[in-house]
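To start, the structure under review is shown below, and the notes come after it.
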Amino acid sequence: MTDTPVRPDEIVHTTWSEPVSFLDGLPRSVAMTALFALFIGLWQLVYILGFVSPIILPSPGETARDIVFVGKNLFTGGYMLTALWITVKEVILGFAIAIAIGFSLGVLVGETSFGERAVLPYLVAIDTMPKVAFAPLFLAWLGFGIASKVALAAFIATFPIVVGTAAGLHAADQNARMLFKTMGAGRWQTLFKMKLPLGLPHMFTGLKIAAVGVMAGAITGEFLGGGKGFGELIRVAASQLNTPRVFSLILYLSLLGLTVFWSVVWMERRFVFWHKSSVMDNR
Amino acid sequence: MLAQRQTDPKGRPVYQLRQVAKSYARGNLRALDHVDLTLAEGTFSSVIGPSGCGKSTLLKIMAGLIPPSEGSVVLEGQPVLGPRRDIGMMFQQATLFPWRSTLENIVLPIEIRDGRQAAKARHDDARALLDLVGLKGFENSMPSELSGGMAQRASICRMLITKPAVLLLDEPFSALDELSRDFMNMELQRICTERRATALLITHSIQEAVILSDIVYVMSPRPGQFVEAIAIDLPRPRTLDMMTEPKFGAYVRRIRARLDKGAFL
Ligand SMILES: Nc1ncnc2c1ncn2[C@@H]1O[C@H](COP(=O)(O)OP(=O)(O)OP(=O)(O)O)[C@@H](O)[C@H]1O
Ligand SMILES: [Mg+2]
């Protein structure tokens, strides 16, 4: 195993690559499809072996048929679409309210020492409570319509936005503050031209957490407070032991959640293009 | 004796500090103790002293960023009571904002003082400044595409865009490697000469202070005070070659001895 020496003029290129393990080397689409197939296979296996009753765990085929059925109902404007639309409204309204209140409170807490010293302790105290516990209260105040669901969704989603905004406003370092001072910038200029832009990455982190929370809030509200939304469909299907239906409804619901989440990510990429780690970036 | 040395007979006094002292309320800390300083028009002065002796504090007071606890600061016959546009400042960090192009970063001081339209109108001036510091063609680059030295040069442009009469420089090049620092120092000299700017530089490098300055002020440990003002009698324009001259070495040794006496550095 002796290396025969090479004359330098024989060498044309010495490009080489780091060794990559088989799994890590798979293209993303292949890896994801493989994982999905594996999951379905295991599921089918468990079903065939009869470990659990079909009422608890339907077969993948049965579930797929129901997914198609629910999909048809949704796309042809059936009653499920009406229910989904109600949930969509709750989510959008809840998110909008959470953004408006969360951003305002975040600026109050992050910008003023009154906010930081007097308001923040209360917010922290409320934030540590299990917010779902407020659902019956919202129900009592706002009734069984969508208002109580919007309220719970907004309530849950507000806090991450407050935290993100306040943290973002503190992100500006001493150098940036000093620089703005030397340029004679006033409070608003400092806020809008420096602190808010510098804080955007933090704010979007808060918004992404809020996007998940707003879905959870709306559905929890529907579970606890009835109404005519998608959560109610799930509750009814579950009470009828229609497990395939529950699965397919959850699937479509998760598509709604993903849509909300990815719209936030899309906005983040648009506005925070200058920040290196726009999270969940992929090649 | 000190006071006489400080008043340069060559030029009109631009900056006048009388008995300026600063105590920070927090920690009941005396940062600066009765500093007298006069900067004559078109001169270049340096302040050198141990870490924490109050150099940055002095500069912030001069720039109107923080008020002095005692004493008076007068610039061009007007007391300094806040930030002013005839003062240009530069810090150790370039601090360019990553969502603005290099050009937009440079006109930021104009945008803040006079609005967006005024800033737009100065784009040509900003390009000329980029040219001056050797960054021609980088006006549309984003700050993340600039090296540390290039970013610091862009921040020179940002300081110069308001055409300040005095430049206050707080260790502007100390984050750069030695080669770029020497180069930037020569650039700085050229810019100051061209604009007849009055400059005050804070530095930790004795060589840098000597090669650039007409007067080097040596500060004592906290609470900071000027313990000596050393006039540097080397011809202008200064070149890097002068660093090998015996006279240069003598100045460096003298300042080092003065700093060592306070047992620091
Ligand atoms: N905002 C502040 N509040 C309280 N103390 C401060 C404040 N800023 C500075 N000091 C203190 O004042 C002293 C002088 O600080 P300063 O930043 O002026 O030092 P410096 O000479 O610039 O030091 P260096 O060479 O390390 O930059 C230090 O002891 C520092 O701890
Ligand atoms: Mg300092």
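Here the structure is a predicted model, which is why all the values come from computation and not from measurement. Just so it is clear: chains get the letters A, B, ... in the order the sequence lines come, proteins before strands, and each one is counted from 1.
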With under 30° as parallel and over 60° as perpendicular, where do the rings of B/F97 and A/F180 fit, or are they tilted in between? perpendicular

Taking only residues two or more places apart in sequence or in another chain, which ones pass side-chain hydrogen bond (donor to acceptor under 3.5 Å, both in side chains) with A/E116? none

Can you tell me which portion of B/L168 sits under 4.5 Å from chain A's heavy atoms? Options are side chain, backbone, both or neither. neither

If we define contacts as heavy-atom pairs under 4.5 Å, which of B/M142, B/R100, B/E111 has the most with chain A? B/E111

Value rounded to 0.5 Å, distance of OG in B/S144 from NE2 in A/H275: 11.5 Å

Is it true that atom CD of B/E194 has more than 12 heavy atoms of other residues, nucleotides or ligands lying nearer than 6.0 Å? yes

I need the A/R177 CZ to B/T95 OG1 distance, nearest 0.5 Å. 12.5 Å

Neighbour count above 12 (heavy atom, 6.0 Å) for B/R116 CZ: no

Please report the closest heavy-atom contact between A/Q189 and B/I112, naming both atoms and the distance. NE2-O, 2.7 Å

Non-hydrogen side-chain atoms of A/F273 and B/W99 separated by less than 4.5 Å: yes

Separation between CG (B/L108) and NZ (A/K193), nearest 0.5 Å, reads 7.5 Å

Considering all heavy atoms of both residues, which atom of B/R158 and which atom of A/L179 are nearest to each other, and what is their separation? NH1-CD2, 3.2 Å

Contacting region of A/L200 [heavy-atom separation from chain B under 4.5 Å]: neither

Rounded to the nearest 0.5 Å, what separation is found between the CE atom of A/M183 and the CD1 atom of B/I110? 10.5 Å

Contact listing (chain A partner; residues 85-92 of chain B; heavy atom under 4.5 Å): B/M89, B/F91

